[in-house]
Number of protein chains: 2
Amino acid sequence: MKFDTVTIKDIAKALNFSTSTVSRALRGSYEISAETKKLVLEYAEKINYRPNPIALSLKERRSRAIGVVVSEISNNFFSEAINGIESIAYNRGYHVIITQSHESAAREKVNVEHHASRSVDGLLISLSSETVDLNYIKELNEKGMPIVFFDRITDEIDTHKVTANNYLGAMHATEHLIFQGYKKIAHITSSPLLSIAKERLNGYKAALEKHNIPFNDSFVKYCVHGGMILEEIEEAIEELYKEKIKPDAIFTASDRITTLCFGVLKKMKTKKELGFAGFTNTKVGELFNPPLTVVKQPAFEIGQTATELLIQMIESKRPVVDFETRILDTELIIRESSLRKVEA
Amino acid sequence: MKFDTVTIKDIAKALNFSTSTVSRALRGSYEISAETKKLVLEYAEKINYRPNPIALSLKERRSRAIGVVVSEISNNFFSEAINGIESIAYNRGYHVIITQSHESAAREKVNVEHHASRSVDGLLISLSSETVDLNYIKELNEKGMPIVFFDRITDEIDTHKVTANNYLGAMHATEHLIFQGYKKIAHITSSPLLSIAKERLNGYKAALEKHNIPFNDSFVKYCVHGGMILEEIEEAIEELYKEKIKPDAIFTASDRITTLCFGVLKKMKTKKELGFAGFTNTKVGELFNPPLTVVKQPAFEIGQTATELLIQMIESKRPVVDFETRILDTELIIRESSLRKVEA
DNA sequence: ATGAAAGCGCTAACAA
DNA sequence: TTGTTAGCGCTTTCAT
């Protein structure tokens, strides 16, 4: 015995009741006399009785806990989203258990399965940039585990999804660069496997097309590790500058890639001539030199919405079959980094 | 029944063994014949059997999970520390369950108790800036729950602790400002309840004393919410500027306070004349305008060390009575924000 | 209104 | 070498 924790048995013994009577009294069952209830409740309070949630989970196959799987909590988007998740979950009486995949598909699988075997009541998943095989998630989902995808979603599994309007966000940012007079806009993004990368690329393309700027394939660089490795960013930029036609602006497509690119360009000292805008939820873009133009996702709201949908599924009496994909608007915050430098 | 999960019973039934035989075969017990083992293992594999960790926890009173309580994962120090924690924990076969107190003592208590009741094998705690009452943690600890404090530690509980050398870190940063010629150095810090705030204040004072600069009480401002609220930062700075003697430099004592202060000062446009340095683990201080001089904590290593000590306690046969407090060196990264501006 | 007993999935002491 | 049984903490049917 690790701790000498107080159990229902102790109460029963002390009060000379059966454990079932105590259990019922504790839960306020109508079949228990007021007197007994009072006795039990008071004694429980006195000895500081706490029900053992593990025993409950074993019995009821549920835990009032929600599992979260994200790639990196140090990514501002995710820490904000998690705050949104918690804000709803705690109010509804659910605990939130956070795990990180670090952009590894293997780690993601371990995390999902750990959550499942620990009987979380539902799962909030944002896929890793490496993930290809979704079968194990699909199976889990088909077995009845409620799952909501957020941010990095997938077509392969039919369930609720919540994400930002990545298409429009990217389109507006790109258009903004075009309005500033930039014509050779490069796009640095993460793994092409990611839904968000595809959507942002499409938004970028749409803006170019709308303004009759030909799309140039060599202006798009992928960082398959999603910016976890500095070298891949440096390489992408280097390649960009090897092209015959050099870009006059860069539009980056994810949190870490945005700040890392900004840093690399700063060191290259070519930044001055470059227009720069990127997706990121950093709180400090304003403090950068030059201040950073960003596409900001409604991370907190995405977390909230996903959690609401998940709890709705968890608590639904009958299996949910009507799924929705909620798409929340991004915000373009224009600062100096994307503004056309006045020619001297 | 929520999921039709495979249990030991199913294997037993299918193979016509008793559940105990199956259990033993699965765990490779020496008392089981090679043949039976093979049979069981193969069938288990075939039907994709996974042991139920909840049942195990209930039985063994342990979960191979470590609970973590921090104030904010969006704070870079903590997300790095958590990565350090995970790096050790996963290698040793422990899962990591992260919860946030959001600097609320009440929330912290809920989290700690949730972890305890879920039978985590040990706890890694960094206190909230509000925490005064440590009794419930003390009791838990005395009942036998292994606990290691990290970063924001306490004298009131006798156990392992891991923290940065806040005293020296603050002292060196302050001294650096002094060497730059600043004489009126203000200090903005978080709640005076926090160990780290006290240590950093002492380091600051020590540097002043060493260089014969009188300590001025009104040059120290406390943000009791630890920078969770912008207004308290603005107020602190405002008050500082109301003093007869205005500061010529500011030394900030925590992650969020540092970046928020920097932002507020920037808006005030008085930044130019001010020397600025602060504790923070942000990855992007270099990109600031001006680039930020920081005291960086070895967050990853702190997380690792704390986890090693915790697992050591968890796995120790006899109660650990010899406790240590590990103090890891900080790093002063000097950039432009603290350099004396050349007078025109 | 209360109690006895079974069972959630698993392990282990004890039997055989 | 394998099986029987009890028990971890709790809820719940079925008796009483």
Side-chain angles (χ1 to χ4, degrees), chain A residues 1-41 43-44 47-64 113-114 116-121 144, chain B residues 1-41 43-44 47-64 113-114 116-121 144:
Chain A
M1 214 186 312
K2 197 175 163 195
F3 301 125
D4 37 329
T5 38
V6 179
T7 76
I8 246 177
K9 224 171 169 174
D10 299 317
I11 304 182
K13 212 172 290 168
L15 266 43
N16 247 316
F17 283 120
S18 73
T19 57
S20 32
T21 301
V22 174
S23 168
R24 279 184 278 240
L26 250 16
R27 341 193 54 240
S29 163
Y30 64 96
E31 10 174 39
I32 300 292
S33 76
E35 197 188 0
T36 307
K37 269 185 196 166
K38 188 159 168 277
L39 229 50
V40 169
L41 256 13
Y43 186 71
I47 64 173
N48 196 25
Y49 167 78
R50 294 273 176 275
N52 178 336
I54 298 202
L56 283 174
S57 292
L58 182 60
K59 181 138 241 313
E60 301 182 356
R61 305 293 200 82
R62 72 190 308 255
S63 56
R64 290 200 83 79
E113 289 181 341
H114 177 244
S117 66
R118 285 254 156 221
S119 295
V120 294
D121 296 345
Chain B
M1 217 188 314
K2 196 175 162 197
F3 301 124
D4 38 330
T5 39
V6 179
T7 75
I8 249 178
K9 225 168 164 176
D10 299 318
I11 303 181
K13 211 172 291 165
L15 265 43
N16 247 316
F17 283 119
S18 74
T19 57
S20 37
T21 301
V22 174
S23 169
R24 281 184 276 241
L26 250 15
R27 343 192 52 241
S29 163
Y30 63 95
E31 12 176 39
I32 300 292
S33 76
E35 197 187 1
T36 307
K37 270 185 193 166
K38 187 160 170 279
L39 230 49
V40 170
L41 256 11
Y43 186 70
I47 62 173
N48 198 24
Y49 166 79
R50 295 271 175 276
N52 179 335
I54 298 201
L56 282 174
S57 293
L58 181 60
K59 178 136 245 304
E60 303 185 353
R61 305 293 201 81
R62 73 192 305 255
S63 56
R64 290 200 82 80
E113 288 180 340
H114 177 244
S117 68
R118 285 255 157 221
S119 296
V120 293
D121 296 344

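Residue numbering restarts at 1 for every chain, and letters A, B, ... go by the order of the sequence lines. No hydrogens, no waters, no symmetry mates; every other heavy atom, side chains included, goes into these values. Just so we're clear, the structure is a prediction, and the values are computed from it rather than from any experiment.
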Would you mind telling me which of D:dG9, D:dT11, C:dC10 lies closest to the side-chain atoms of A:Thr5?
D:dG9
Euclidean distance, atom CD1 of residue A:Ile8 to atom P of D:dT12 [Å, nearest integer]:
11 Å
For B:Ser119 and B:Ser63, indicate whether the former's side chain and the latter's backbone hold a donor-acceptor pair under 3.5 Å.
no
Side-chain N or O of B:Lys9 closer than 4.0 Å to phosphate OP1/OP2 of C:dG7
no
What verdict does the side-chain contact (heavy atoms from CB on, under 4.5 Å) test give for A:Val22 and A:Leu15, after you've listed the backbone C-alpha separation in whole Å, the side-chain angles of each residue and the deciding distance to 0.1 Å?
CA-CA 9 Å; A:Val22 174; A:Leu15 266 43; 5.8 Å; no
Going by atom types alone, do A:Arg118 and B:Ser57 pair a side-chain donor with an acceptor below 3.5 Å?
yes
At a heavy-atom distance below 4.0 Å, what parts of residues 18-25 of chain B sit against DNA chain C?
B:Ser20, B:Ser23, B:Arg24
When the distance from CD of A:Glu60 to C1' of C:dA6 is rounded to whole Å, what number comes out?
16 Å
Within residues 27-39 of chain A, find the residues that approach DNA chain D with a heavy atom at under 4.0 Å, and present them sorted by residue number.
A:Arg27
Looking for any heavy atom pair under 4.0 Å, which part of the strands does A:Asp10 touch: base, sugar-phosphate only, or nothing?
nothing
For A:Tyr49 against A:Thr7, the heavy-atom pair lying closest together
CE1-C, 3.8 Å
Considering only distance and modelled atom types, tabulate donor-acceptor pairs under 3.5 Å from the side chains of residues 33-41 of chain A, sequence neighbours left out.
from	atom 1	to	atom 2	distance (Å)
A:Ser33	OG	A:Thr36	N	3.1
A:Ser33	OG	A:Thr36	OG1	2.7
A:Lys37	NZ	A:Ser29	O	3.0

Quantified as the angle between the terminal helix axes (five pairs each), what is the overall bend of the helix from C:dA1-D:dT16 to C:dA16-D:dT1 to 10 degrees?
60°
Taking atom CG of A:Asn16 and atom OG1 of A:Thr21, what is their separation to the nearest 0.5 Å?
11.0 Å
Could you walk me through whether A:Ile11 and A:Ile47 pass the side-chain contact (heavy atoms from CB on, under 4.5 Å) check?
CA-CA 9 Å; A:Ile11 304 182; A:Ile47 64 173; 4.0 Å; yes
In the structure I gave you, are the side-chain heavy atoms of A:Ile8 and A:Leu26 within less than 4.5 Å of one another anywhere?
yes
Rounded interatomic separation in angstrom, taking CG from B:Asn52 and P from C:dG7
18 Å
As an exercise, state the distance from CG of A:Asn52 to CZ of B:Arg61, rounded to the nearest 0.5 Å.
7.5 Å
Rounded to whole angstroms, how far apart are CG on B:Leu26 and P on D:dT2?
14 Å
Nearest whole angstrom, please: distance from the C1' of D:dC10 to the CD1 of B:Ile54.
13 Å
Could you state the CZ-C1' distance from A:Arg50 to D:dC10, rounded to the nearest angstrom?
17 Å
Out of D:dT2, D:dC10, C:dG9, which has the shortest distance to the side chain of A:Thr7?
D:dC10
Taking salt bridge (charged side-chain N to carboxylate O under 4.0 Å, His left out) as the definition, give me every residue that meets it alongside B:Arg24, ordered by chain and number, with sequence neighbours left out.
B:Glu31
Euclidean distance, atom CG of residue A:Leu56 to atom P of D:dG9 [Å, nearest integer]
12 Å
Taking the side chain as C-beta and beyond, is there a heavy-atom pair between B:Leu56 and B:Arg64 under 4.5 Å?
no
Whole angstroms only, please: what is the NZ-C1' distance between B:Lys59 and C:dG7?
15 Å
Run the side-chain contact (heavy atoms from CB on, under 4.5 Å) test against A:Ser117 and tell me which residues pass, sequence neighbours left out.
B:Pro53
